[in-house]
Amino acid sequence: MGHLDHAALGWLTPALSYAMACTGAALGLRCTVRALAATGRSRRNWLVTAASAIGTGIWTMHFVAMLGFGVTGTDIRYDVPLTLLSLLVAMVVVCAGVFAVGYGRDRGRALFLGGLTTGLGVASMHYLGMAAVRLHGDVTYDPVLVGLSVLIAVVAATAALWAALNIRSPVAVTLASLIMGAAVSSMHYTGMFAVSVRVTPSGEALPGATAMQFIFPLAVGLGSYLFLTSAFVALSPTAGEREASASAQRPVESVAP
């Protein structure tokens, strides 16, 4: 059995991956709050932004954490198409969950379906990303820990959507995003602790790209997207601020010649 190291770079990758998960959650919650206060095309656009932020944050968290993953006795490569497919899955399923909450008439049912769909999608993203790993050996999973990781994903997703429906203040959103980041990280590492690898030494070259060749540049790009979008959302006025600005301008317009 190969020895698995989940933090080959020390605390850098766990801490950075947690920060990515928190950033994605915070941005997604803020965008969902904006969406629920909007109508029409504006609501749809905010929900799409929320879904892309949460999906990107979760995917980036997973693969930043994977930068610190190593197995003694074998190199590790990543299948590029499968890795990109895992990103697409994260985006699509989170979008489905967010739209279910954003447009659902029955909040309770929408929350249940959205949380279940999003949680299963997040788990699918994780294990699809693991299926993209290429190494010299056989990978097996502890079914109990796999089931626990899926349960954590569903509970975390449901809690995130509940927070989006019920939390409004920036301080509460910040606290909720910190908790959600911890939940997503817990799901990831629970899934990783389910992994066992039986190494088969070989001199053959592994297919795929190394983490630094592919995962690192993509994670940096998506992380930059999160921070830039966060700045845009922070600087854009809320519906209440726009209404206050419009009300302040009406008396001026009425007395103008």
Note to self: Side-chain heavy atoms nearer than 4.5 Å, only ILVMFWY residues, links allowed to pass through others: does that put M180 and M125 together?
What the structure shows: no

Margin query: If the condition is ring pair (Phe, Tyr, Trp, His ring centres under 6.0 Å), which residues does Y78 pass it with, not counting sequence neighbours?
Written below: none

Next item on the list: Tell me, with the steps shown, if T56 and M91 meet side chain to side chain contact (heavy atoms under 4.5 Å, CB included).
Entry: CA-CA 7 Å; T56 298; M91 294 288 194; 2.8 Å; yes

Next item on the list: Verify, without hydrogens or angle tests, whether R198 (side chain) and G137 (backbone) share a donor-acceptor contact under 3.5 angstrom.
Entry: no

Check: Could you give the distance from CG (L206) to OG1 (T74), rounded to the nearest 0.5 Å?
Finding: 5.5 Å

Check: OG1 of T60 to CG of L87: how many Å apart, nearest 0.5 Å?
Finding: 7.5 Å

Notebook entry, point to check: Going through the checks in order, is the side chain to side chain contact (heavy atoms under 4.5 Å, CB included) test met by S149 and L145?
Noted result: CA-CA 6 Å; S149 70; L145 288 178; over 6 Å; no

Margin query: Nearest 0.5 Å, please: how far is OG in S186 from CG in L148?
Written below: 9.5 Å

Next item on the list: Taking T117 for its side chain and G114 for its backbone only, find out whether a donor-acceptor pair lies under 3.5 Å.
Entry: no

Check: Going through the checks in order, is the side chain to side chain contact (heavy atoms under 4.5 Å, CB included) test met by L111 and T158?
Finding: CA-CA 7 Å; L111 184 61; T158 304; 4.2 Å; yes

Next item on the list: Determine whether more than 12 heavy atoms belonging to other residues, nucleotides or ligands lie under 6.0 Å from atom OH of Y189.
Entry: yes

Note to self: To the closest 0.5 Å, what do you measure between OG1 (T83) and NE2 (H62)?
What the structure shows: 8.0 Å

Note to self: With rounding to the nearest 0.5 angstrom, report the CE to CE distance, M130 to M66.
What the structure shows: 4.5 Å

Next item on the list: State the CD1-OG distance between I54 and S177, to the nearest 0.5 angstrom.
Entry: 11.0 Å

Note to self: With clusters defined by side-chain heavy atoms of hydrophobic residues (ILVMFWY) lying less than 4.5 Å apart, directly or transitively, does F193 cluster with V71?
What the structure shows: yes

Note to self: side chain to side chain contact (heavy atoms under 4.5 Å, CB included), that's the test. Do W59 and L218 meet it? Break it down for me.
What the structure shows: CA-CA 10 Å; W59 188 93; L218 187 57; 3.3 Å; yes

